[in-house]
Amino acid sequence: MTEAVPAARAAREPWRDRALPAAARVADLLARMTPEEKAGQLAGYWAMPAEPGDPVAPMEDDSHETAPSLDEVVGSGVGQLTRVFGTAPVTAAEGAARLRDLQRRVAAGNRFGIPAIAHEECLNGFMTWGATIFPSPPAWGATFDAALVEEMAAAIGSGMRAAGVHQGLAPVLDVVRDARWGRTEECVGEDPYLVGVLGSAYARGLERSGVVATLKHFAGYSASRDGRNMAPAPIGPREFADVVLEPFVMALRERRARSVMHSYTDVDGMPAAADERLLTRLLRDELGFTGVVVADYFGISFLESRHRVAGSRGEAAAAALRAGVDMELPTVRCYGAPLIEEVRRGAVPEDLLDRAAARVLTLKAGLGLLDGPPSPAGTAPDLDPPEHRALARRVAEESVVLLANDGVLPLAPGARVALVGALADDPFAMLGAYTFPGHVGHGHPDLPLGVEIPTLAEALRAEGADLRVAAGGDALEPGDADIAAAAAAARDADVCVLALGDRAGMFGRGTSGEGSDARTLALPGRQADLAAAVLDTGTPTVVVLFTGRPYALEGVADRAAAIVQAFFPGQQGGPAVAGVLSGRVEPSGRLPLSVPLRASGPSVSYLRSAMDGAHDWSTVDPAPLYPFGHGLTWTRFEYADLRADERAGTDGTVTVSAVVRNTGDRAGTEVVQLYLSDPVASVVRPARWLAGFARVRLEPGEAARVAFEVHADRTSFTGPDLRRVVEPGVVEAAVGRSSGDLPLRGSFTLVGPVREPGRDRVLTVPVRVTRL
């Protein structure tokens, strides 16, 4: 146990002086540390939940070996404490008390009295029992609303900070390349600009609350072959730069996120955790990142056990440290004794240990952790306050996408409604795998959900629907569906609501989620059979999809009266969807992911070149059923009067504007989208790419001019010599409702020399909305 430091001694140790700059404090502290103490700052520790004061049991590592006890590691210090709240069910009060106890032990166990950084998952909200569960990232993407995403992240961070948590492992900035990937549910969408804008907004909100945002997974994870988790990413340097990297560039430019997490995958045979070119030369030297790089869980060990580029724990530690991984998560395995042995025998220069330890200690200085354990909070925080539930409802409502509607929606008052499908009366329909019930709750089957999660059935009853529920068994599981009962209920109703989709779970425990990849984009289980039987009744049917990815709707879309898409909309998702069905809520979501027609076709993304699209030399048409950006409302909008500046320099700005008018009889929100195309370029370019967007709410008959300020940098790309360039020439511009519905088209010309934009490259397109 450490003792109180005498004032005279403290005066001789500059690192204890809070008035000094962090760099000076860290330099002095490092000079006093042994190699073991430096390494201690680089390692996480995953403690199993227990009562404060009880012995601390370690979580076993990925190799199922017994991890060292806290007493064995605490003398050298601990860098991070892993998921004190998010490993097993604890109340807010229990978790806070446990974290305080662990921090006291960590600080008392090392001679400098330095506590650990506490981190938690927070992709769908603070991932602990009893905390508000917000919508999933594809639902953020469907909102096309950066301000709302930032507000949500700030709310999530406020609860974490009140509980004593310092770091959140979000946002995910991976761009979806193949929706069969199970972690699609963790991603914002398929377009790098949308991912970058909304992911940056999330990082801003989390950091604004005082919680360290962690950008992940750097980089290439979502491009894995065949959508298989952790498979190699078969992409070239141009796709890597122009698609995969762009959201990280945008988020890092703001200098807000203080942490980055490496990817599990390898790109061209190089695992990210051992890639110095990626984690040092690109991330730090080119992109200017100055924070802390943390390992994805067991990612350093995987260099030995899975990637097989290291022959021992020590070699794995050496490779990761050399590449630029500063901290090992979730628990110490390679960055403990194996790393010290590599340093002692000269295989790893101690200055690399100093480099990583300095970064960690600088982060701790910014968090106030060089000044001893945090002061205990007075009361346990409320992790599901009314204002957070209201915010979760707003995000969920804005995220619901109306894909099709023949007029059956809103549901007619007094209509007899049959609600069928495996997800008709299931709260898990609303939840992704990185929610506490989806991530941890499976191991505690008798545990209450922790928060109120109204099902679609409950929410429709609250809307006043005359409802009969016949779920039809668990159609998610082959051979466990009472399809006849569902069809009978539909046959006796005026309208049927058919709830289909996913049940999220980790590593094969669900149809969506980490390690739960899909062979095809066919609806899971017997849901296609169920849909066919219900549609065969002839009753007008509204298909509601609660999913983590888009699914093929061949044989369903052309027979359904309406289709509603909700991407794991969180604990308020049931009321949000029911509100759309009843007409109380205006649907304003737009697709962040294209919906395919056929399950067995190629991966569907609008971001493809002309030859990657439909053409007469191939019999395979990759066109989606519903394209990126698509979504309907209760009203109609007309576009007119496209205006574009005639020309600008290759370092200039043009204004592209259009008038949007609500021609219907109800107020509504249009998401106005600008796409650019490069008809002649020095390399193959996408047929079009999203350059800007704006949510515009208009009353009946009201119009607005939406003006996009497009800097020439937004036309830049990675050229033939792998340098980013802006080329002179004609640029085509199109404005409309989606990537597949662009009624207004024009062009402008960039003049001047080929230009290489620098670090100050303009990354966003400001938008002005002027009411007419």
Side-chain angles (χ1 to χ4, degrees), residues 400 402-406 408-412 414-431 453-504 510-512 521-548 550-566 568-569 573-574 577-578 580-582 595 599:
V400 177
L402 179 60
L403 296 180
N405 184 22
D406 70 359
V408 71
L409 294 180
L411 295 172
R416 292 175 301 126
V417 179
L419 176 60
V420 304
L423 302 177
D425 201 14
D426 185 353
F428 282 90
M430 314 299 162
L431 307 180
I453 307 175
T455 68
L456 181 58
E458 293 166 343
L460 277 173
R461 289 192 185 99
E463 295 286 341
D466 179 4
L467 195 67
R468 176 188 173 190
V469 178
D474 190 353
L476 294 171
E477 297 293 334
D480 188 22
D482 190 350
I483 292 176
R491 193 175 294 110
D492 292 339
D494 297 322
V495 63
C496 178
V497 175
L498 174 59
L500 305 175
D502 282 312
R503 184 171 291 116
T511 62
S512 172
L521 291 178
L523 287 164
R526 297 192 62 197
Q527 292 184 98
D529 297 336
L530 173 63
V534 169
L535 292 166
D536 284 346
T537 66
T539 299
T541 298
V542 179
V543 175
V544 176
L545 298 159
F546 293 107
T547 69
Y551 282 105
L553 298 176
E554 187 175 20
V556 174
D558 58 345
R559 303 176 66 194
I563 304 174
V564 174
Q565 172 70 61
F568 289 146
V577 171
V580 168
L581 298 181
S582 72
V595 174

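When a residue number appears, it is its place in the shown sequence, counting from 1.
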Give the minimum heavy-atom separation between Val556 and Ala531, together with the two atoms involved. CG2-CB, 4.1 Å
What distance do Leu500 atom CG and Gln565 atom CD have between them, rounded to the nearest 0.5 Å? 10.5 Å
Partners of Ala578 by side chain to side chain contact (heavy atoms under 4.5 Å, CB included), sequence neighbours excluded? Leu456, Ala459, Leu460, Glu463
Of Leu523, Ile483, Asp482, the one forming a side chain to side chain contact (heavy atoms under 4.5 Å, CB included) with Leu530 is Ile483
Ala557: partners by side chain to side chain contact (heavy atoms under 4.5 Å, CB included), with sequence neighbours left out: Leu553, Ile563, Leu625, Tyr626
Rounded distance [0.5 Å steps], CZ in Phe546 versus OG in Ser512: 14.5 Å
May I have the list of side-chain donor-acceptor pairs in residues 536-545 shorter than 3.5 Å, sequence neighbours left out?
from: Asp536; atom 1: OD1; to: Arg559; atom 2: NH1; distance (Å): 3.3
from: Asp536; atom 1: OD1; to: Arg559; atom 2: NH2; distance (Å): 2.5
from: Thr537; atom 1: OG1; to: Val534; atom 2: O; distance (Å): 2.6
from: Thr537; atom 1: OG1; to: Thr539; atom 2: N; distance (Å): 3.3
from: Thr539; atom 1: OG1; to: Ala490; atom 2: O; distance (Å): 2.8
from: Thr541; atom 1: OG1; to: Thr539; atom 2: O; distance (Å): 2.8

Using every non-hydrogen atom in the two residues, find where Pro410 and Ser582 come nearest and quote the distance to one decimal. CB-O, 3.4 Å
How would you list, by chain and number, every residue that makes a side chain to side chain contact (heavy atoms under 4.5 Å, CB included) with Ala457, sequence neighbours excluded? Leu419, Asp425, Thr455, Arg461, Leu467, Val469
Are the side chain of Gln527 and the backbone N or O of Gly501 linked by a donor-acceptor pair below 3.5 Å? yes
Do any pairs count as a salt bridge (charged side-chain N to carboxylate O under 4.0 Å, His left out) and have a residue in residues 489-501, sequence neighbours left out, and if so which ones? Arg416-Asp494, Arg468-Asp492
For the residue pair Phe568 and Ala429, what are the closest heavy atoms and their distance? CD2-O, 3.5 Å
The residue among Leu581, Val420, Leu409 that forms side chain to side chain contact (heavy atoms under 4.5 Å, CB included) with Val497 is Leu581
Of all residues at least two apart in sequence or in a different chain, which pass the side chain to side chain contact (heavy atoms under 4.5 Å, CB included) check with Asp426? Leu423, Phe428, Arg503
